[in-house]
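Input: a single structure, listed below in structure tokens.
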Amino acid sequence: MKILVCISNVPDTTSKINFTEGDTKFDTNGVQFVINPNDEFGLTRAIWFKEKQGATVHVANVGSANTEPTIRKALAIGADEAIRINTEPLDGFSVAQQLAEVVKNGAYDLVIAGRESIDYNGGMVPGILACLTEMNFVNNCIGLEIEGTNATALREIDGGKEKIATSLPLVIGCQKGLVAESDLKIPNMRGIMMARQKKLNVIEPIAIEASTQDVKFEKPAPKSAVKLVNADNVDELINLLHNEAKVI
């Protein structure tokens, strides 16, 4: 089985976020970048298939050279080979188009992508990728077993979980729960040293135009001061809820 794990390079959640050029560009100065958490769950499951079923695991990223430390971490975790598509990720549709070319040329049986990235939270790439490659698709995936060309997926739905039987080739949009957090792999020294010798292929992007563009970024408004209302003053509480909070 040949697996491709799509990796996004995202800011660590502890990083302080700022914008430049009139709030039209994301400021990367001083920001620590990591593997998108949803992608990391997927990568860990792919490594399990490698260890238990002899699968081959590749990772792919759409990004410039500054994403390579994140890609090398994926190799240190256990991926066999990496692909970097040498272009900035413009939007979800363009990213899916670039990845679709890699999938078609690589003849992958299983493509694992995070349900969404934690920077833009678009949640579009896995579904569009499945459509472009005409592969089966399961989103919000929290469980996956494969026997031969048959797959059984567990996905989260409103109010519960759904078990789905499908077949390869398959794209999944995975999330927390696909593996236990305690099973996430931390690169050890041997893995880091081996990652330096593994193949990282840099390929040029296909010619496409982004369907959207960022006009302006805006931080959430700071929380307003808390107003305390005496427990006996019900009339004032109702007035504040009606006239200020406007929730009744």
Side-chain angles (χ1 to χ4, degrees), residues 4-43 59-75 82-103 111-133 137 139-140 171 173-176 200-226 244-246:
L4 180 70
V5 183
C6 305
I7 298 293
S8 292
N9 183 58
V10 299
D12 189 288
T13 53
T14 60
S15 298
K16 186 177 179 180
I17 301 302
N18 291 301
F19 305 108
T20 61
E21 298 181 32
D23 292 336
T24 62
K25 301 290 184 183
F26 174 64
D27 186 3
T28 60
N29 291 321
V31 176
Q32 177 69 37
F33 284 85
V34 297
I35 298 174
N36 181 50
N38 285 324
D39 302 341
E40 195 165 2
F41 285 109
L43 177 60
V59 294
N61 166 261
V62 179
S64 55
N66 58 15
T67 68
E68 290 193 4
T70 297
I71 300 172
R72 288 290 180 191
K73 180 181 177 182
L75 291 171
I83 301 164
R84 179 173 68 81
I85 304 166
N86 189 31
T87 184
E88 293 291 339
L90 302 175
D91 60 15
F93 185 46
S94 64
V95 168
Q97 287 178 295
Q98 299 293 351
L99 290 170
E101 286 299 305
V102 173
V103 174
V111 179
I112 300 177
R115 178 191 68 178
E116 61 183 359
S117 60
I118 63 169
D119 47 7
Y120 292 100
N121 300 102
M124 298 183 292
V125 171
I128 297 173
L129 180 56
C131 182
L132 293 173
T133 56
F137 176 52
N139 204 20
N140 302 329
V171 177
C174 68
Q175 62 183 61
K176 180 180 178 180
L200 198 168
N201 302 295
V202 179
I203 63 175
E204 292 307 309
I206 59 173
I208 55 175
E209 292 185 10
S211 300
T212 62
Q213 69 178 73
D214 297 320
V215 177
K216 187 177 182 181
F217 293 99
E218 184 177 343
K219 291 184 180 180
K223 293 182 179 180
S224 58
V226 175
E244 289 195 20
K246 299 186 184 302

- [ ] Work out which heavy atom in T133 is nearest to a heavy atom in L129; give both atom names and the distance.
- [x] OG1-O, 2.7 Å
Task: Closest contact, heavy atoms only, A65 versus R84 - done: N-NH1, 3.3 Å
Open item on the list: For E204, is the CD atom crowded, meaning more than 12 foreign heavy atoms sit under 6.0 Å from it?
Closed with: yes
Task: Geometric class of the F217/F19 ring pair [parallel <30°, tilted 30-60°, perpendicular >60°] - done: parallel
- [ ] Please say whether more than 12 non-hydrogen atoms of neighbouring residues, nucleotides or ligands are located less than 6.0 Å from NZ in K16.
- [x] no
Task: Main-chain N/O of K216 paired with D23 side-chain donor or acceptor, under 3.5 Å - done: no
Task: Inter-residue atom distance E101.CD - I83.CD1, 0.5 Å rounding - done: 12.0 Å
Task: R72 CZ to T67 OG1 distance, which is reported to the nearest 0.5 Å - done: 11.0 Å
Open item on the list: For the OG atom of S94 and the CD1 atom of I128, what is their distance to the nearest 0.5 Å?
Closed with: 9.0 Å
Open item on the list: On a heavy-atom basis, which atom in N140 and which in R115 lie closest, and how many Å separate them?
Closed with: OD1-CD, 2.7 Å
Open item on the list: With rounding to the nearest 0.5 angstrom, report the CD1 to OG1 distance, I35 to T70.
Closed with: 6.5 Å
Task: Given T13, V10, D39, the one that forms side chain to side chain contact (heavy atoms under 4.5 Å, CB included) with V34 - done: V10
- [ ] Could you grab the distance from atom CG of N18 to atom OG1 of T28, nearest 0.5 Å is fine?
- [x] 11.0 Å
TODO: Kindly compute the distance separating CG (N139) from CD (Q175), expressed to the nearest 0.5 Å.
DONE: 8.0 Å
TODO: Locate the shortest heavy-atom distance separating N61 from S8; write the atom from each residue and the value.
DONE: ND2-CA, 4.2 Å
